Amino acid sequence: MNLKVTRRKLLQWLGALAAYPSVAQEAPKGLASDMSDPSALENRVDAPGISIGLTGHGHIVELNLGAKKVVVPFHACTFLAACTPDGIVTHRTLDSGGVEYRRTFVHLGTQAKCLVIDRFIPTDSSIRWEVEVIGSGDPWSTEIETQLSLLNPSGATFWTAWDGPPVPGLQPAQKDGLGTMLDERERIAGIRNVDEGFGNETKWAEEAWRDPLVSAPFADLELRYGGLANEHNAFSIPMATILDASADLALSLVQSPESDMLAMRLNTSVLGDVKLVRANHRISSSSPVRISMDLVSHPADWRAGLGWMVARYPNYFEPPNRSVYEIDGCGSYAGGEGDLDTEKLKKMAYSLNWNARFDWPFQGMSIPPVKPDVTWQSWYQKETSLAHMSRYDEKMEKSGFHVLEYFVTTEGGNYIANEPPERKAKADSDLWRDGNDFIHYQIPSAVVRDRDGHIMYSNWFGDVVLDPAEPCWQKVLLEQAETLVEELPHSSGICIDRMDWLTVYNPHRDDGVSWIDGRPARSLLISWKETVGKVAAILHKAGKYVYANTLVTRVECTGSLDGFYNEYGDYPCSLNLCALLAVHKPAIAWTRDINTLR
């Protein structure tokens, strides 16, 4: 009988008995099957607590962790999906003590080419791993993968900033192609007749909470970065930690939130493989893809890896307005204006109301750009004004509580017609009074449409999806922030709704980095970060606060935020993802039903 054993399986059997040799092995099974590299060890990079050995092709084939530089059987590299290396690999040493590799990749289908540069640079607490992908010829895209493989995973565990450790039966994460997203959004908006989906509040009613603060044995797993509302299989911070409790050693791969991040998935396997898979990035000579990561050695405790990231990137974990702790406490999403039982609320640690009185005339016009005494009909068909809004804020303030005004950047209007109806406003200065007037005659270019020009509708009373970076809409949003500062002095700031639209791409605009279905596009995530950064700067200068409803939970979106108000906080998966972002920021979890507390 002939027994066939792959080299990878043999290494798994022998890994506990022998140090990893200086020649990389083929890995024909598992996620990391692209990491075949028979070349010899040629370079080393050393940093406190960690050192790596690299082949002439830029693959990590030796890893040493801890003060004693314990040898860990390991392999890691950069790989481009559906591509193959082409030509000679060059490398050079860097003044920092690091090394740089340059490789050409060719797409197997289109024959498109690109240059991939890997740099490994020692720091005081890590080895920095920088990846640059530079195209040639016409722009194109493919998945850019960072592949890690622990060649002896027996006894090792894995952790990331997930909604919970893996359990049997979870569905794989969704991929973020334009067609997929448009299909999903039509489902969400109710355009298609479906039984289950986003926003179905009975779907997860029996969901059991899973502890996100524990590591787990390696499993076949696929997680989507940022998730979507109450969907499972997600992670909120781009990091992956491999732990060996018996040796009290761990390795964390941490991607910088300062990098441009679009769609990303995290895959693991029972064989000890880990992949960060990035999609929809434009590969071109004019806009290179740049990814920065760190390999961090630490004790076998996931908190050490996350702690390193918090210390390295404090602007994403610390609130910009540090006085936000003064309003930390329980909250409400309420629209009543009656008298408050102040003492009872204070005993409940009540602090703030995310204003659901809906004083605005339609979604998106949260703070009309008018004088205080100008009146209009609110969403609830009540006469209101900025003066009326301010009186409510002042009443709450005198009771010892705070108000965050409802704010939205990614959708607007209500009951919006597909074609422009007859205009109601005689003067341009009155277009804000009617949703159809505003959408069709003031900010028409901000409406997100599919490739065929069809409007993308929201799931809330005929709203339409808006691109926050479109100049005409961004101008209105900044004016609203300025009006809040000037006319609502007793307001504590805003809470931004509908981050779920950040998964969408605007196929009729170009952000310079996205490439969807063979064409340029603008990611609403990039639009949101740009515009919210400008809105927050106005409010922070005035001492106000900026919260957001984390329907998409990604750390790079939090740099301008002082806190979180999670609409799906009573669903375990959403609560866990948000909590991991809130290590130094206040977070309020929506509890929509008293039965949740029982």
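The structure displayed is predicted, hence computed values, not measured ones.
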Side-chain donor or acceptor of T558 paired with backbone N/O of Y316 under 3.5 Å: yes
Note, W590 side chain near Y565 side chain (heavy atom, < 4.5 Å): yes
Distance-only polar pair, side chains of W162 and N576, donor-acceptor under 3.5 Å: no
Donor-acceptor under 3.5 Å (S284 side chain, P139 main chain): no
Flag, side chain of D273 to backbone of S149, donor-acceptor distance under 3.5 Å: no
Heavy-atom pair of closest approach, residues L575 and G569: CB-O, 3.3 Å
Parallel, tilted or perpendicular: rings of F120 and Y101 (30°, 60°): perpendicular
Close side-chain approach of D510 and R282, heavy atoms under 4.5 Å: yes
Of N230, N566, T550, T553, the residue whose pairing with S574 passes side chain to side chain donor-acceptor pair (under 3.5 Å): N566
Enclosure of D220 CG (heavy-atom neighbours >12, cutoff 6.0 Å): yes
Shortest non-hydrogen contact between H584 and Y325, atoms and distance: O-OH, 2.6 Å
Candidates V555, V277, I237 - the one meeting side chain to side chain contact (heavy atoms under 4.5 Å, CB included) with Y225: V555
Minimum side-chain heavy-atom gap W140-C114 below 4.5 Å: yes
Presence of salt bridge, R210 and D163, under 4.0 angstrom: yes
Any side-chain donor near an acceptor of the partner, N64 and S51, under 3.5 Å: yes
Side chains of E130 and I117 in contact at under 4.5 Å (non-hydrogen atoms): no
Nearest non-hydrogen partners of K113 and D86, listed with the distance: NZ-OD2, 3.8 Å
Contact summary for H91 and G56, nearest pair of heavy atoms: CD2-O, 3.9 Å
Check: H540/D562 side-chain N/O donor and acceptor closer than 3.5 Å: yes
A47 versus S126, closest heavy-atom pair with distance: CB-O, 3.3 Å
V274 vs F218, side chain to side chain contact (heavy atoms under 4.5 Å, CB included): CA-CA, chis, key distance, verdict: CA-CA 9 Å; V274 178; F218 275 93; 3.8 Å; yes
F79 and F105 aromatic ring geometry - parallel, tilted or perpendicular at 30°/60° bounds: perpendicular
Within-4.5 Å side-chain heavy-atom neighbours: L115 and S136: no
Donor-acceptor contact below 3.5 Å, side chain D328 vs main chain P586: no
Spatial distance of atom OG1 (T409) from atom CH2 (W501) [nearest 0.5 Å]: 12.5 Å
Atom CZ of R303 with >12 non-hydrogen neighbours under 6.0 angstrom: no
Modelled atom types, side-chain donor and acceptor of S246 and D244, under 3.5 Å: yes
Pairwise distance NZ(K69) to CG(D46) - rounded to 0.5 angstrom: 5.0 Å
Under 3.5 Å donor-acceptor, N549 side chain and E567 backbone: yes
Check: W129 side chain, D118 main-chain N or O, donor-acceptor pair, under 3.5 Å: no
Distance-only donor-acceptor check, side chains S125 and W308, under 3.5 Å: yes
R128 atom CZ: more than 12 heavy-atom contacts under 6.0 Å: yes
Worked verdict on E132 versus R119 for side chain to side chain contact (heavy atoms under 4.5 Å, CB included): CA-CA 9 Å; E132 194 169 350; R119 299 185 189 91; 3.3 Å; yes
Side-chain donor-acceptor pair present, S256, S292, cut-off under 3.5 Å: no
CA sep, side-chain torsions, deciding dist, call: H281, L262, side chain to side chain contact (heavy atoms under 4.5 Å, CB included): CA-CA 7 Å; H281 286 271; L262 300 172; 3.9 Å; yes
Non-hydrogen atoms of L266 and F235 that approach each other most closely: CB-CE2, 3.6 Å
Close side-chain approach of R103 and T78, heavy atoms under 4.5 Å: yes
Reported CZ-to-CZ distance for the pair R102 and R92, which is rounded to 0.5 angstrom: 6.5 Å
Spatial distance of atom CE (M264) from atom CZ (R224) [nearest 0.5 Å]: 12.5 Å
Distance (rounded to the nearest 0.5 Å) between I52 CD1 and S297 OG: 12.5 Å
Donor-acceptor under 3.5 Å (T241 side chain, S252 main chain): no
Distance, nearest 0.5 Å, that separates CG of L228 from CG of N233: 13.0 Å
M261 vs L525 side-chain heavy atoms within contact, under 4.5 Å: no
H59 and H57 aromatic ring geometry - parallel, tilted or perpendicular at 30°/60° bounds: perpendicular
Contact check, side chains of V214 and P165, non-hydrogen atoms, under 4.5 Å: yes
Criterion side chain to side chain contact (heavy atoms under 4.5 Å, CB included) on L295 and L253, from CA distance to verdict: CA-CA 5 Å; L295 294 167; L253 174 73; 3.8 Å; yes
Flag, side chain of W515 to backbone of T142, donor-acceptor distance under 3.5 Å: no
